[in-house]
Amino acid sequence: MTDAQRNALKLAMPWLVTIAMFAIWELACIAFNIQEIVLPRPSRIFAVSVERWSILLDFCLQTLWTTAIGFGLAIIGGVLIGLAIGASPFVYSGLYPLLIAFNAIPKVAIVPILMIWLGVGAAPAIITAFVISFFPIVVNVATGLATIEPEMRDVMRSLGASNYEILTKVGIPRAMPYLFASLKVAITLAFIGSVISETVGGNRGIGFLMLSAGARNDTATTFAGLFAIAIMGVLMYALCAWVEKRMTGWAFRGELVG
Amino acid sequence: MAGTESAVAPLVEMSGVSLAYGRGKEQTLALADATMNIAQGEFIAVVGPSGCGKSTLMKLVTGLLPATSGTVKVHGEVVKRPIKGVGMAFQNATLMPWRTTRDNILLPLEVVEPHKRRFRANRGEYVERVEKLLASVGLGGFGDKYPWQLSGGMQQRSNLCRALVHEPEILMLDEPFGALDAFTREELWGVLQKLWMERRFTCVLVTHDLREAVYLADTVYVMSKRPGRVILKREIELPRPRTLEDTFKPGFVDIVHDLRDRIHKEHA
Ligand SMILES: Nc1ncnc2c1ncn2[C@@H]1O[C@H](COP(=O)(O)OP(=O)(O)O)[C@@H](O)[C@H]1O
Ligand SMILES: [Mg+2]
């Protein structure tokens with residue numbers, strides 16, 4: 001095999017594996033005569049997706065924008081709290097234990113409370129997405145700041161730099177790759193958050209679609225919803241990974257030299 | 001009080017300086033009773049075994065650490081916070097990987113007054129200064145490169161440039177060549193000597209290489225094992241500029257041997 005062929009194969013691998021997986025699934029359903037209500041064949045799921053694509057798209061967009069708003073808020077909140085925790089030992093010792101305790105709460109448990117406060121609709125989904133995705137951002141940003149080399153700090157301090165200057169000239173650029181790395185994780189979590197909220201008590205969105213289809217024994221539509229979430233998740237992850245590469249190329253190469 | 005009795009007061013005066021890290025039972029004495037004077041424009045080297053408090057000594061002189069006892073004075077004033085007009089370079093070059101070499105070297109000018117105030121308006125002038133400095137250490141044309149694109153020796157040259165670009169009065173070097181191979185290290189001795197002879201800043205070089213100390217310094221201070229004490233002060237009166245050939249000549253070799261003997265006796 002030439003290098004070009006190897007590379008082409010490497011790029012094709014995820015698609016090949018996906019296709020193989022669907023083929024095995026399809027064949028297994030036929031071979032074992034599995035009922036559609038238990039596990040629909042992939043071809044049925046695609047057919048249903050095409051058939052009902054306008055409502056799928058509509059509900060996907062609903063989920064996408066609640067997720068995006070929750071995620072955006074998580075970035076803002078996560079960066080601010082992460083910077084505060086990373087920059088100040090007092091904020092760190094005050095907030096960090098609380099954050100860990102809060103992160104340990106299963107987020108599905110707060111959805112009913114949010115619904116009591118905010119009613120059914122987009123607001124609980126946005127807040128759940130926010131709450132579930134901001135923790136990794138906080139931790140990563142704080143880690144980026146906390147791991148500034150002591151020598152770098154000494155160089156800055158001996159130049160007479162203020163804490164603010166150390167933060168803006170060293171801390172924030174250094175925390176950037178940590179931030180972008182956390183976004184990939186956080187966007188996936190944000191999706192989980194909004195879908196959980198829609199499932200527990202929503203009236204729109206892909207989570208709601210799956211729940212109501214499930215209640216009607218329309219398993220194929222439920223699976224179509226599942227695929228839609230997976231596709232959105234992969235696309236958003238890819239977007240975050242691309243932004244990460246663009247913004248912090250130095251961090252990938254810098255490691256090699258140390 | 002010092003001003004009246006001697007014509008030139010030393011730039012840095014340390015008297016009976018000790019430093020202990022931690023507190024209570026955990027306390028470790030890193031530096032004990034250090035007394036030394038450094039004259040304006042003098043090049044001193046501090047040698048001693050690892051962990052004897054050399055880096056601690058540097059942090060005390062620059063005011064990054066407060067002394068546990070004793071006093072450090074610079075320009076006759078007791079040092080209480082980080083002093084102005086210092087350049088520092090460490091063994092690891094700590095260049096910022098997100099900045100080009102040029103922008104790394106511009107950093108002190110963005111932070112230190114009076115440059116900070118005029119930086120935006122006069123960027124061109126400062127960039128020119130950086131280019132000249134880069135050329136003088138043999139890095140002409142490398143300004144656009146990122147640190148990871150430079151070899152270890154080139155990174156250390158850039159590090160020296162960053163430490164000197166704001167024309168500090170005192171240059172602090174903490175084992176700056178410790179991680180380099182012997183050839184590169186000896187090349188950089190020459191670079192540093194040249195910069196010093198042109199600019200005559202006061203320089204404190206921490207090293208564990210006796211040849212390096214004797215090659216570069218006017219005065220070599222030898223420290224004992226932890227807790228570090230100054231056990232020997234030796235003036236090096238070899239003419240300058242010193243060359244690598246000189247380091248193999250009897251006058252030079254004798255001094256190195258002599259220092260080594262004294263250190264071995266002390267540690268035996
Ligand atoms: N921040 C610190 N906290 C506690 N102990 C320290 C700290 N920094 C240095 N030490 C201790 O002080 C001693 C002197 O350290 P240092 O000045 O770095 O030595 P050197 O530079 O000569 O190798 C060492 O034994 C080291 O373990
Ligand atoms: Mg040291």
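Throughout, protein chains are lettered first and strands after them, A, B, ... in sequence-line order, and every chain is numbered starting at 1.
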Pick one of side chain, backbone, both or neither for [X], based on which atoms fall under 4.5 Å of a heavy atom in chain A.
| X | value |
| --- | --- |
| B:Arg81 | neither |
| B:Asp174 | neither |
| B:Ile83 | backbone |
| B:Tyr146 | neither |

Measure across [X] and [Y] and return the closest heavy-atom pair with its distance rounded to 0.1 Å.
| X | Y | answer |
| --- | --- | --- |
| A:Arg157 | B:Leu64 | NH2-O, 3.0 Å |
| B:Glu110 | A:Glu165 | O-OE2, 4.1 Å |
| B:Trp98 | A:Lys169 | CZ2-O, 3.4 Å |

side-chain contact (heavy atoms from CB on, under 4.5 Å) partner of A:Leu159, the single match among B:Lys116, B:His166, B:Met88: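 One option only clears the test, and that one is B:His166.
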
Using a cut-off of 6.0 Å, state whether more than 12 heavy atoms not belonging to [X] lie near its atom [atom1].
| X | atom1 | result |
| --- | --- | --- |
| A:Tyr237 | OH | no |
| B:Glu26 | CD | no |
| B:Glu128 | CD | no |
| B:Glu113 | CD | yes |
| A:Met247 | CE | no |

- prompt: For the atom pair OG (A:Ser158) and NZ (B:Lys84), what is the distance rounded to the nearest 0.5 Å?
  reply: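 So the gap between those two atoms works out to 12.0 Å.
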
query: At what distance, to the nearest 0.5 angstrom, does CD of A:Glu149 lie from CG of B:Asn92?
result: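 A:Glu149 CD to B:Asn92 CG: 6.0 Å, rounded to 0.5 Å.
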
query: Which one of A:Gly160, A:Pro173, A:Ala161 has the most heavy-atom pairs closer than 4.5 Å to chain B?
result: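 Top option by heavy-atom pairs under 4.5 Å: A:Pro173.
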
query: Do A:Met156 and B:Leu107 come within less than 4.5 Å of each other through their side chains, counting heavy atoms only?
result: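 SC-SC contact between A:Met156 and B:Leu107 confirmed.
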
task: Before giving the answer on side-chain contact (heavy atoms from CB on, under 4.5 Å), spell out for A:Met152 and B:Met96 the whole-Å C-alpha distance, their side-chain angles and the decisive distance to 0.1 Å.
output: CA-CA 9 Å; A:Met152 192 67 238; B:Met96 299 172 178; 3.4 Å; yes

